[in-house]
Amino acid sequence: MGKLSFRKSRACEKDPLLGPSFESKPKWYRSRTVWLLLLFVAFFVGIAVFKLHELLNKSIENKLQATRLMSIATVNEEYLQKCAPQVTCDPNSKYRTINGSCNNVQNPTWGASMTPFYRYMDPVFSDGISKFRVQSDGSPLPNARTLTLTLFQNTSRVCDHKNNELLVPWGQFITHDVAFSPVNSVNSSFPDSLNHCLDVNPPADCEAIIKLFPDDPTYKNYNMTILKFMRLVTSANYSCPLAPVTVLDQNTHFIDASNVYGSNDKLANELRMYNGGKLKSNKIKNEEYCPQDPSKLPKNGNAGVIAFVAGDVNVNQNVAVGLFQNMYLRFHNYIAKKLQELHPTWADETVYQETRRIVGATVQIITYEQFLPIVLGEQYMQDYGLTNPTNYDPTLIVSVAQEFTSGAFRLLHNIVPAQLNFVSSNYTIYEVEEPSKLFLRPDSLIGNVDGLLRGLMETPGRESQSSYNDLITNIVIQLPSDSKTTNVTGFDLLSYDIQRGRDVGLPPYNKMRKLCGLSEAESFDDLSNHIPSEKIDLLKTFYSTVDDVDYYVGILLENKHNGSMVGPTGSCVIADSFYRFRNGDRFFYDVQNQPGSFTTDQINALRNITLSHIICVTSHLEHVQTDTFSLVDHIRLMKLKPSCDTYKIDLAAW
Ligand code: HEM
Ligand SMILES: [Ca+2]
């Protein structure tokens, strides 16, 4: 009894509700307490159920996103049925053709250069043919530059402390392997043909130009009134008028190093030395560079003195992609020399083709083993089947998707750095360059291959975020003073990316969201599971309904998907494209039982080649980290940067 009262008093001390005085409370008080307790419990059970529901939904959503994205477009066969040339193939050929035809024996033009981009959804044009989409209420889509200046202004410049800047030129290098969509002007930076669009009331063909407002923070200083956005060349320019308009990819759609070798026979032949299987090169100060073509020097005077020629016409676009083009030229010639030494009797043709096969395989391996896991996240890659051995499926169309090249893959423009550092062998910066100032002027590469490589590896990347660096969105290009109407022109990469989506009639964001397995939003607020609410509030001010939001605008605003650099509606298009590039390519490096298949020993040797190997054999660098894209501090973590002598390329299996 005494014990009991002791316990009671303790309880009382701790909790007056359970103390001796409890007994003395009136009945109504007791029942109110029970109700309160019940309410309390119900509240927590409610929260638990809600959370569980949310979790379940999320996991269903994740699952859906990892199931293959299926095209619902009806236009994919149009060009191939009406205009594709007849091709005769040698199904026993061990090597890819230069233009990519005959990869798919049943459908020989699939993936070939000069064939259309693939569509996940039919294009959307307001006239069903080529005019820009309009909003649900009939109004024009919001001005692309205004969207850039309001929705995508993040000036905090967040650094990526895990990855270095090398991701950018690699991403651009593989872009230039799979895609090239030229615009309707020989000289896209200075489209004089659009000067009539400067008029106060420009004619209808100026629909695509981007109007600038008088208060534009950059361009007001130059009295610029428009950005001269040019529309892309369509199949009509190649005697195949189609409605809706259809854009042809001028490069082979496969990941086959066509940016090294060319996507048509004429260029490929021009690039070859026809001796020892090598590619032509140019020796400058005892170093090997891509050949120089004086006829490719832009005439407008903005160019320097270097204009490389390579398999892709964009080789000179900026010095970092130029670096990779030059490294790969050196790499081809390095492998060709080794193979010829191993097989002195091999003809030039055999050495060239065998080297080309090896070089193409390294681009695939680096892309799938080193690059994509960072971009898409390892888990998502696994879920999407991108880490499995290739399972060749001849029913897959490999062609690059329009939603990929004019949309999702451009998302990585958000990691393009504002500056490039050139770093000396004692790890000090000796030069800094702004890529936005040096379009088409890769001159600084000469004598600086090592310096730029070190700079790209030693500098933290830009964290992927919903903005671009502010230099690449405010480019001002000075023209030579003798130019007819104006001596200055502007270029904003982000506004161009938004406008490009409209140019090619990309379906709006909400439709692509649904195709990617997310729920179709019924109101702007339904976007809140993937887009920050303050951005949704801004979207409401620009678009009449949630169905009108541009695909590119939506995916750039999306929060990053677990462990990836992009959101769910971007990653599903990127993942599916790389799924098709792999499993629809009969010459993919690990496909078995084809005339061009590598042996198991060769595959094992190829799998050992990383980007670090390629850097080591094409430069004079002394140390390179094994994890090529990761940021490795040379002061504290030098042990993670082995000597280049350790990166051996073993060709014994050839
Ligand atoms: C210094 C770095 C880069 C610069 C200066 C740059 C610049 C450009 C420019 C000017 C265009 C044409 C825009 C238009 O008129 O539509 C373009 C297109 C494109 N860029 Fe980049 N880019 C860079 C890096 C990247 C990276 C890292 C990626 C992806 C990983 C990328 C993916 C693309 C794609 C997919 C296209 C469309 C290609 C086509 O269809 O022809 N770019 N870029
Ligand atoms: Ca290609």
Side-chain angles (χ1 to χ4, degrees), residues 96 98-100 103 111-113 117 165-185 188-189 191 208 227-233 247-263 311-314 317-324 360 363-364 367 371-372 374-375 398-420 433-440 456 461-462 464 468-469 471-472 475 491-504 552 565-566 574 577 581 585 587:
R96 297 171 184 274
I98 284 290
N99 73 0
N103 188 301
S113 59
F117 290 105
E165 283 181 345
L166 215 51
L167 276 178
V168 171
W170 185 264
Q172 198 176 20
F173 186 67
I174 55 166
T175 296
H176 295 179
D177 186 333
V178 300
F180 173 47
S181 345
V183 294
N184 242 321
S185 162
S188 57
S189 305
L227 296 177
K228 292 178 173 180
F229 179 90
M230 309 230 35
R231 297 200 67 171
L232 295 183
V233 169
V247 180
L248 309 181
D249 186 351
Q250 314 241 337
N251 287 347
T252 72
H253 300 249
F254 303 98
I255 302 178
D256 55 358
S258 56
N259 48 341
V260 179
Y261 300 102
S263 287
D312 175 69
V313 296
N314 280 312
Q317 195 231 44
N318 73 77
V319 70
V321 78
L323 166 75
F324 270 75
V363 180
Q364 295 172 344
T367 301
F371 175 79
L372 278 181
I374 299 173
V375 174
V398 172
S399 308
V400 172
Q402 196 75 69
E403 292 88 344
F404 172 87
T405 200
S406 305
F409 208 46
R410 292 184 186 219
L411 283 174
L412 295 193
H413 280 158
N414 71 358
I415 61 164
V416 172
Q419 293 183 333
L420 297 174
E433 231 179 44
E434 287 175 20
S436 51
K437 282 213 176 121
L438 292 164
F439 274 136
L440 303 175
L456 290 164
R462 186 179 193 270
S464 86
Y468 291 6
N469 84 61
L471 299 180
I472 208 98
I475 299 173
F491 185 94
D492 162 5
L493 188 55
L494 177 39
S495 301
Y496 271 54
D497 286 342
I498 296 171
Q499 197 81 333
R500 188 61 69 209
R502 299 165 179 180
D503 173 28
V504 298
Y552 199 69
M565 300 183 100
V566 290
I574 297 176
S577 300
F581 296 157
D585 178 359
F587 291 95

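Every number for a ligand or one of its atoms is a count from 1 in the order of the listing. Only heavy atoms go into these numbers, but all of them, side chains included; no hydrogens, no water, no symmetry mates.
A heavy-atom separation below 4.0 Å is found between Q317 and ligand 1. Residue W170 places every heavy atom at 4.0 Å or more from ligand 1.
Counting only heavy atoms of the protein, atom 38 (C) of ligand 1 lies nearest to T405 OG1, 3.4 Å. Of the protein's non-hydrogen atoms, V168 O, 3.2 Å is the one closest to atom 27 (C) of ligand 1. In terms of protein heavy atoms, atom 21 (Fe) of ligand 1 is closest to H413 NE2, 2.1 Å. Looking from atom 12 (C) of ligand 1 to the surrounding protein, the closest heavy atom is R410 NH1, 4.4 Å.
For ligand 1, the atoms closer than 4.0 angstrom to any heavy atom of F439 are 5 (C). Each of the atoms 10 (C) of ligand 1 lies under 4.0 Å from some heavy atom of F491. Each of the following atoms of ligand 1 lies closer than 4.0 Å to a heavy atom of Q172: 2 (C), 3 (C), 4 (C), 6 (C), 22 (N), 23 (C), 24 (C), 25 (C), 26 (C), 27 (C). In the vicinity of S181, heavy-atom distances shorter than 4.0 Å reach the ligand 1 atoms 39 (C), 40 (O), 41 (O).
Between atom CD of residue Q317 and atom NE2 of residue H176 there is a gap of 5.5 Å, rounded to the nearest 0.5 Å. In this structure, L248 CG and L232 CG are separated by 10.5 Å, a value rounded to the nearest 0.5 Å. Summarising the geometry, atom CG belonging to N314 is positioned 12.5 Å from atom CZ belonging to F173; distances are rounded to the nearest 0.5 Å. Summarising the geometry, atom OG belonging to S399 is positioned 8.0 Å from atom CG belonging to D249; distances are rounded to the nearest 0.5 Å.
For D256, the N, O or S atom with the smallest separation from the Ca ion (ligand 2) is OD1.
Residue Y496 has no nitrogen or oxygen atom sitting less than 3.5 Å from a nitrogen or oxygen atom of ligand 1, judged on distance alone. Here's the thing with N318: none of its N/O atoms is less than 3.5 angstrom from an N/O atom of ligand 1. Every N/O-N/O distance between D497 and ligand 1 stays at or above 3.5 Å.
At a threshold of 4.0 Å, the pair R500-D503 counts as salt-bridged, since one of the basic side-chain nitrogens sits closer than that to a carboxylate oxygen.
Remark: at the Ca ion (ligand 2), atom OG from S258 and atom OG1 from T252 enclose 80°, rounded to the nearest 10 degrees. Computed with the Ca ion (ligand 2) at the centre, the F254 O to D177 OD1 angle is 80°, stated to 10 degrees.
Side-chain N/O atoms of T252 and S258 include a donor and acceptor closer than 3.5 Å. Using a 3.5 Å distance cut-off with no hydrogens or angles, the side chains of N251 and D312 do pair a donor with an acceptor.
Under 4.0 Å from ligand 1, the heavy atoms of L493 that appear belong solely to its side chain.
With a 4.5 Å cut-off on side-chain heavy atoms, V247 and Q402 count as touching.
Of the residues D497, D492, N414, the one that meets the side chain to side chain donor-acceptor pair (under 3.5 Å) test with Y468 is D497.
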